[in-house]
Amino acid sequence: MPYRPNEIEKTWQAHWASHGSYVARIRRDQPKFYALDMFPYPSGKGLHVGHPAGYTASDVVCRYKRARGFNVLHPIGYDSFGLPAEQRAIEEGIAPQVSTAEAIETFRGQLERLGYSYDWSRVVSTADPGYYKWTQWIFTKLYARGDAYLGEAFVNWCPALGTVLANDEVIDGRSERGGHPVERKRMQQWTLRISSYADRLLQGLDGIDWPEATKTAQREWIGRSEGAFIDFAIAGRDECVTVFTTRPDTVFGATYLVLAPEHALVDGITVEGQREAVRAYQARTASRSERDRQASKEKTGVDTGARAVNPATGEQIPIWIADYVIAGYGTGAIMAVPAHDERDWEFARALRLPVREVIAGGDVASAAYTGGGAMVHSGPFDGTPTAGGEAVRAVTRWLAEKGAGRATVNFKLRDWTFARQRYWGEPIPVLKDDAGQVVRTLALPELPLELPAVDEYAPSGSGESPLARAKGWSTVDDAVTGRTLRREVDTMPGSAGSSWYFLRYCDPHNDAEFCSREASDYWMPVDLYVGGAEHRVGHLLYSRMWQKALFDEGLVRDEEPFAKLRHQGMVLAETYYTRGPSGRFDHVTVPEAVLERAEKTARVRVRGEEMDAEVRWEKMSKRKGNVVNPDDVIRTFGADALRVYLCFLTPLESDKPWQTSQLEAQFEWLKRVWRLFFEGDDDVPHAVDVEASEAELRVVHRAIDKVTRDLESMSLNTAVSALHVATRDLARLGTRSRAVLGAVAQLVAPLAPHLAEELWTRGLGHPATPGGIAYVPWPVAEARWLVDDTVTIGVQVNGKTCGTVDLALDASEDAAMEAARAVESVARHLAGKTVAKVIYKAGKILNVIAR
RNA sequence: GCGAGGAUGGCGGAAUUGGCAGACGCGCCGGACUUAGGAUCCGGUGCCUCACGGCGUGCGGGUUCAACUCCCGCUCCUCGCACCA
């Protein structure tokens, strides 16, 4: 019988499940290996082939590590709170608990059919009360630490829908559904003080093995900058405006101040004559969406009429408001030094404000000069060079002595708004009084605080969460305080449950603790985390913060959760665009037929009509009609072929253009592997106990060596190609050696585990053990089979290759020259010339310099 | 604008870190076997050239006996961030 993946894959999946082949236990006599996949959001649409791209890579590594004697923890679960289920609840009235449970069942089946070696006994689901009990408990810890607080935050408020929208529900300043205008509205929101971890989040990056691009993204997101606060007294008032600047050395050039329009001091300091203009400008700013603000960098602003005193010069300078100053960064106020800051320069030019040069070296009349040089027009500091930071330090010290400033470090990182006005999330375990003040958080015995059943999932219309409708739930006669209190009706964001799930996997059934120290001390940190790069500053930063908070509480040993991180590329598919109403190719379509096809264009038939289309490679998504369902692929080619294909197509981190022909090619390769082990319709095994030939040993040990090195470095595509080569060569040699074929089965096992189990047992006659081939010790490459006695090296004349020659590895230079001269093409190049010099690196190259 | 990464055949990609560029696979061309084939197998395939040979890793320089690889200067692409003081 030929290779029939559907039959053998089912058999082995059942074997692994019934024997608990991949159930992980703490074993102190073995090194541990914790491989983590970013758990999926279980959407109703099921898995698409984008998920297996990363999951396969980590599974290959896990299977390899088991064979290398590691005790592997490879869990999976579901990030099951989220908007799509909530949206379905609103639209169709289906409880998210129900639709999510269904989706999880679908996902589970699909993941099982891909042959992943997950420990299915450790599945977690963030929407499960047994799980979110601990998410809530950690929240109370954060609250106790002062890391969770009620703060004011801007939300996307849509008056027409009467609801707060998530960022991804707002497109171009309008609601995704209905296209209603969306405003920025200040609301009291639970907020996590991630900013107080900024320095540690920055420093922790130095010690972890992550893609450099991701570390850079986090560093920039955190945005540390050193500088100073400088106080500018307001003329005629007791107050002062504190600004943050990284260039205190330019303070003598500060010719005006700018406050963000939202700055708290604006109303108080604005002079009567300017009040109307200031109000109008504030209103204008509030109505402009973030997007509009970004689109136009034209400098606008209004003078408040108030004056501040420059503490360096003693001069009075105007105080303006302008939207180029961001309320949320620094102090929301700047000292403008138009001579040496491009933004200030543009503003000064647009509004005819004075420019004063205080650093020599540029022509500040024509452009801001941001380079270095000697200080000028700066009183006692004239002549001080800016190089080396001396000027900054000296001026900061001087201001500090005058009581007008101090050195500081500022971060871009803003606190994390940790509340959604939504039903489908973890209830925040807090009781408040009627004034909205927090009375207490719930204690562990009161957790989980479960979501109440509601009749209606739509937002309340007042901006409150749908939980506010559940009166019986939201009002509590509290036995602890003896008062009637109100529950928090906001829920946590999707990123809550995913910020610690990797810890719960270590001890998923623990009722007494979120995760025992014993379990986390053994399994943590994660040795390999594979997931999409889109989470580089979200989930991957939040998780690091929670880990640090838990570390501070003594609840975990490690300060960093993920020792090694790798991203997988996206799976891309061809997407067809036809002409939309605008005449441009901007309308996504799924053609009935492709009639003609060029590289980037095609002639297609859509609803019986022929038309031109553009073809682009884009990320698979349901909306674009270009998704490939793994179930369909598995039905035709098997999970093993899909796994091998995903590994082979491109390096792990590169995007993967979906090509069915390449998938088929890997299926064909697996068939060739099958035929290496079985003969004829009755599957007569080839393997016999004969001594392997030297040629066979060379092939197989070379493959062992290459595949081992490639799996270590996660170079899965080249590992597959090494196996292609070995399969081809062994087929030519007609290999029957049980030992050689055994090694082949083992090398194939991480990539195509079902096939390998079949080859190992039925093909080679090994008994089927509970653990299977994954636990058979990995073969070792013997060095003597890796080197050839003879090598083919290139022969160059004057640095240009003109032939090759086969030589003993240790051949002398004379022997090499003799052999080279015997090669006709080399002789031709040497004809009529005299050899001036010979460069010979044994086993590498022979280069003859001839004149 | 800032930051990061990249550019190798018709395509996806290799190249032990300075030593035969193009492994492996797709595609294409040709062949064997076959009643048949979505069974299987073999050969060819960077470009120019009948050939000898020449040219080739985004472009221009440089270092070197030797450069995809190192150095200098550009161009283009992709992805982030985007008035962060």
Side-chain angles (χ1 to χ4, degrees), chain A residues 2 211-217 219-221 223-225 227 243-247 250 254 258 293-294 296-299 322-337 340-344 346-347 410-414 533-534 536-537 570 599 636 644-645 648-651 653-669 671-672 675 705-706 709 715 717-725 727-728 731-732 786 791-805 825 828-829 836-841 843-850:
Chain A
E212 210 45 56
T214 302
K215 288 192 188 183
T216 304
R219 287 193 185 105
E220 290 183 357
W221 191 260
R224 183 181 200 274
S225 57
V243 304
F244 172 72
T245 178
T246 54
R247 292 295 306 273
T250 62
V258 186
R293 252 175 109 147
Q294 282 170 21
S296 161
K297 293 193 176 172
E298 196 191 335
K299 296 289 182 290
D323 64 4
Y324 83 93
V325 174
I326 298 163
Y329 182 76
T331 61
I334 62 155
M335 65 173 198
V337 184
H340 306 292
D341 181 281
E342 281 163 20
R343 296 151 303 186
D344 297 342
E346 282 168 22
F347 187 80
N410 195 53
F411 295 93
K412 256 199 285 194
L413 183 67
R414 293 190 222 174
E534 65 273 20
R536 57 165 74 89
V537 293
M570 292 182 295
E599 197 186 333
T636 318
V644 172
Y645 161 72
F648 178 71
L649 195 61
T650 65
E653 64 281 3
S654 307
D655 287 345
K656 295 160 198 340
W658 183 265
Q659 293 171 67
T660 305
S661 58
Q662 289 275 17
L663 170 66
E664 286 169 6
Q666 298 317 311
F667 179 55
E668 296 298 326
W669 170 62
K671 287 201 259 185
R672 289 201 295 278
R675 287 199 301 272
D705 177 60
K706 177 71 172 149
R709 282 187 287 116
S715 177
N717 56 332
T718 53
V720 173
S721 97
L723 288 168
H724 287 168
V725 171
T727 310
R728 178 195 67 195
R732 280 180 184 158
L786 302 182
V791 285
T792 303
I793 67 169
V795 179
Q796 300 180 332
V797 173
N798 294 332
K800 287 190 178 179
T801 305
C802 54
T804 61
V805 67
S825 59
R828 235 189 336 258
H829 280 89
K837 189 178 173 187
V838 175
I839 291 119
Y840 174 62
K841 302 280 180 201
K844 300 219 167 181
I845 199 79
L846 175 66
N847 189 1
V848 183
I849 309 306

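Predicted model, so just to flag it, every value in this text is computed and none were measured. Convention: sequence-line order gives letters A, B, ...; per-chain numbering from 1.
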* **Under 4.0 angstrom between A/Lys800 side-chain N/O and B/C55 OP1 or OP2** => yes
* Asked: Does OP1 or OP2 of B/G25 have a side-chain N or O of A/Ser661 closer than 4.0 Å?
  -> no
Looking only at atom [atom1], what distance separates [N] and [M], rounded to whole Å?
N     : M     : atom1 : result
B/C48 : B/G38 : C1'   : 38 Å
B/G10 : B/C29 : C1'   : 13 Å
B/C11 : B/C33 : P     : 35 Å
B/C68 : B/U57 : C1'   : 5 Å
B/G46 : B/G27 : C1'   : 15 Å
B/U8  : B/A67 : C1'   : 14 Å
B/U75 : B/C59 : P     : 15 Å
B/G56 : B/G80 : P     : 37 Å

Rounded to whole angstroms, how far apart are [atom1] on [X] and [atom2] on [N]?
X        : N     : atom1 : atom2 : value
A/Asp655 : B/G12 : CG    : P     : 12 Å
A/Leu846 : B/C20 : CG    : C1'   : 12 Å
A/Glu346 : B/G1  : CD    : P     : 13 Å

In the structure shown, which nucleotide is the Watson-Crick or G-U wobble counterpart of [N], with both distances under 3.5 Å?
N     : answer
B/C41 : B/G31
B/C20 : none
B/G1  : B/C81
B/A51 : none
B/U63 : none
B/U75 : B/A7

* Asked: Could you run down nucleotides 36-53 of chain B 5' to 3' and tag each one B, S or - for protein heavy-atom contact under 4.0 Å?
  -> ----SS-S--------SS
Have a look at [X] and say if it touches a base, only the backbone sugar-phosphate, or nothing, with a 4.0 Å heavy-atom cut-off.
X        : result
A/Ala217 : nothing
A/Thr246 : sugar-phosphate
A/Thr792 : base
A/Asn717 : sugar-phosphate
A/Pro651 : sugar-phosphate
A/Ile849 : sugar-phosphate

* To do: For ring pair (Phe, Tyr, Trp, His ring centres under 6.0 Å), just list the numbers for A/Trp658 and A/Tyr645, CA-CA rounded to whole Å, side-chain angles, deciding distance to a tenth of an Å, and then say yes or no.
  => CA-CA 10 Å; A/Trp658 183 265; A/Tyr645 161 72; 4.9 Å; yes
Is there a side-chain contact between [X] and [Y], using heavy atoms and a 4.5 Å cut-off?
X        : Y        : result
A/Thr636 : A/Phe667 : no
A/Ser654 : A/Leu649 : no
A/His829 : A/Val848 : no
A/Thr727 : A/His724 : no
A/Met335 : A/Thr250 : yes

* Per the atom types in the model, does the base of B/G12 pair as donor or acceptor with the side chain of A/Gln659 at under 3.5 Å? -> no
* Asked: Could a donor-acceptor pair under 3.5 angstrom be found where the side chain of A/Lys299 meets the base of B/C83?
  -> yes
* **Residue mapping more 5' on RNA chain B - nearest nucleotide basis, A/Lys706 or A/Val720** => A/Lys706
* Asked: On RNA chain B, nearest-nucleotide positions of A/Ala333 versus A/Gly843: which is more 5'?
  -> A/Gly843
* More than 12 heavy atoms of other residues, nucleotides or ligands under 6.0 Å from CD of A/Glu342: is that the case? -> no
* Between A/Lys671 and A/Glu664, does at least one N-O distance fall below 4.0 Å, as a salt bridge requires? -> no
* Residue from A/Tyr329, A/Phe244, A/Tyr324 passing side chain to side chain contact (heavy atoms under 4.5 Å, CB included) with A/Ile334 -> A/Tyr324
* Among A/Thr804, A/Leu846, A/Thr801, whose side chain to side chain contact (heavy atoms under 4.5 Å, CB included) with A/Val795 holds? -> A/Leu846
Can you check nucleotides 2-9 of chain B for protein contacts, nitrogen or oxygen pairs under 3.5 Å, and list what you find?
unit_1, atom_1, unit_2, atom_2, d
B/G3, O2', A/Glu220, OE2, 2.7

Which one, [options], comes nearest to the side chain of [X]?
X        : options             : answer
A/Ile845 : B/C24, B/G19, B/G13 : B/G19
A/Ser721 : B/C24, B/C81, B/C83 : B/C24
A/Val325 : B/A85, B/C20, B/C81 : B/A85
A/Pro657 : B/C20, B/C65, B/G12 : B/G12
A/Thr650 : B/G12, B/A85, B/C20 : B/G12
A/Thr245 : B/A15, B/A85, B/C26 : B/A85

* Closest non-hydrogen atom pair, A/Phe648 against A/Ser721 -> CE1-CB, 4.1 Å
* Structure fact -> Smallest heavy-atom separation, A/Ala336 atom then A/Asp344 atom, equals CA-OD2, 3.3 Å
* When syn is taken as a glycosidic angle within 90 degrees of 0, is B/U17 syn or anti? -> syn
* Structure fact -> Glycosidic torsion of B/G9 (syn if within 90° of 0, anti otherwise) classifies it as syn
* Asked: Rounded to the nearest 0.5 Å, how far does CG of A/Leu413 lie from CZ of A/Arg224?
  -> 13.0 Å
